[in-house]
Amino acid sequence: MESNQKYAFESIPISERDMNYWDMFATWFGANANNGTWFIGGVIAAAGFFGGISSAVIASVIASVIAFAFLSMVGYMGYQTGASTTILSRAPFGIRGSVVPSVINLTLFMGWTAVNTFIAATSLAYLFHSMFGWALFGQPGGYFGIIVGIIIMSILHLLSIIAGPKSVQIIERIGVVLVIIFVIIEVIVVFRDVSFSQIAKYQVPMKSKMPFGVALDTIAAAALGWVVGGADFTRFTSSKRIATQAPYVGAILGMVSFVIIGLCTTLSVAVTSGVFNPNNSDPSTVANKLGLGLIAMVVIVLTSMTANAVNIQSGGSALNNLIPKISLNKSLFIVTILSMILTLVPLINGSFLDAFTAFLNYTGMFLGPIIAILVVDYFGLSDGKYDLKALATPTGKYWYKGGINWFAMACIAIGVVLYIGLNLLPIVKATVGATFISMIVVAIVYYVGSKLMRKA
Ligand SMILES: O=c1cc[nH]c(=O)[nH]1
């Protein structure tokens with residue numbers, strides 16, 4: 001425990017770190033191979049094809065190769081210091097200023113937990129419909145099945161975090177093997193009905209076409225959403241390779257494979273029904289339309305558990321930084337319950353796709369600048385070393401002015417304004433997207449500005 005009462009935090013000593021290579025691979029594969037990614041694959045299927053290759057696949061490979069390089073970097077920071085991402089954010093943003101990235105992390109991870117839970121609950125509602133004849137969501141009386149689904153998923157989430165990081169570790173170890181087996185079965189079923197060439201030849205209707213840069217931004221937002229949880233897990237690892245390589249490989253494979261599954265299943269429905277509707281990209285609806293039944297529903301529930309175990313642990317770590325008095329295990333419990341309540345929002349809001357798109361924009365806008373600042377501060381301005389005592393010491397070097405580094409805050413604001421502005425330019429939307437450009441600009445401004453201020 002790095003002590004200074006109010007701002008004390010736990011740095012995991014090397015002797016207590018027990019996450020091996022497979023754990024890290026499974027954690028990040030399981031995190032990314034999830035319902036949300038599947039849904040995104042279906043949505044960005046609208047980007048069409050480029051030279052016979054799906055633009056969604058190209059976008060997912062490019063964006064995840066770039067974005068997950070930051071997961072490795074943040075992973076390295078966690079391994080070196082034994083501290084969580086939000087604790088590390090005290091160095092660039094200030095001990096009090098770290099409240100900003102912590103609140104963003106907390107809302108982000110609770111939001112993702114809600115997204116994955118909602119999709120899984122929709123699947124359970126389909127099962128209840130076929131088993132007990134309960135109405136589906138969208139039909140009169142359809143709230144009952146989905147609410148029961150949300151409660152069941154939340155109980156499963158509580159079980160998966162019951163022993164804190166230890167039970168998350170067990171869930172990932174077992175869950176990922178099951179996910180891989182079921183997904184293989186599912187892919188076989190999809191390609192029994194529709195051939196690969198039928199999918200590859202499918203022309204997305206002009207009115208539904210998604211520009212390439214938007215597809216890139218969508219994957220970037222999803223991938224960067226994991227980056228801010230990186231150190232929360234690698235602080236339990238004992239080698240550089242486990243902390244950097246395993247998350248990178250696992251995350252890319254999980255993300256790209258589930259984008260491909262979402263893409264293929266959504267396009268299969270479009271090929272067989274003649275109607276392309278990204279609103280119906282959610283795995284439950286698609287699986288049901290393709291007659292995948294029980295297998296798909298099991299995959300959806302399992303992937304929701306493996307992804308949400310990671311979401312809840314990262315959300316819990318953020319809450320822990322905000323209110324250090326609450327233990328990590330209590331924080332996990334609170335985050336699970338709050339996420340369950342948040343899952344009810346799409347029931348009121350009406351369109352799940354609209355709520356999800358707005359949420360992705362929120363995450364893309366804030367995460368790019370925060371991650372750029374975190375990484376530049378550690379590797380560029382601090383030579384890859386933080387003073388752990390000072391991270392918990394008011395009056396120390398991470399206290400800045402009143403506990404806040406206002407320059408880092410201004411850089412977040414620059415990044416957000418830039419992201420919004422770039423999104424207004426059709427050329428950016430059609431090509432590189434706004435996320436990575438705003439990250440590069442923020443990184444340069446923060447690096448140069450900080451150097452100049454240190455000299456002055
Ligand atoms: O893509 C993401 C990022 C964070 N959490 C998720 O569930 N999905």
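In each ligand, atom 1 is the first atom listed, and ligand 1 is the first ligand listed. Numbers for residues simply follow the sequence, beginning at 1.
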Region of [X] engaging ligand 1 - heavy atom pairs below 4.0 Å:
X: Ala307; value: neither
X: Thr113; value: neither
X: Asn34; value: side chain

Any nitrogen or oxygen of Asn116, main chain or side chain, under 3.5 Å from a nitrogen or oxygen of ligand 1? yes
Could you check, using the six-membered ring where one of them is a Trp, whether [X] and [Y] have ring centers closer than 6.0 angstrom?
X: Phe118; Y: Phe356; answer: no
X: Trp112; Y: Phe109; answer: no
X: Phe233; Y: Trp28; answer: yes
X: Trp134; Y: Tyr126; answer: no

What's the shortest distance from atom 4 (C) of ligand 1 to any protein heavy atom, and which residue and atom give it? Trp112 CD1, 3.2 Å
Near Ala222 (heavy-atom distance under 4.0 Å), the atoms of ligand 1 are 1 (O), 2 (C), 3 (C)
List ligand 1 atoms under 4.0 Å from Asn311, heavy atoms only on the residue side. 4 (C), 5 (N), 6 (C), 7 (O)
Does a donor on one side chain sit under 3.5 Å from an acceptor on the other, for Asn105 and Ser102? no
Rounded distance [0.5 Å steps], SG in Cys264 versus CH2 in Trp38: 11.0 Å
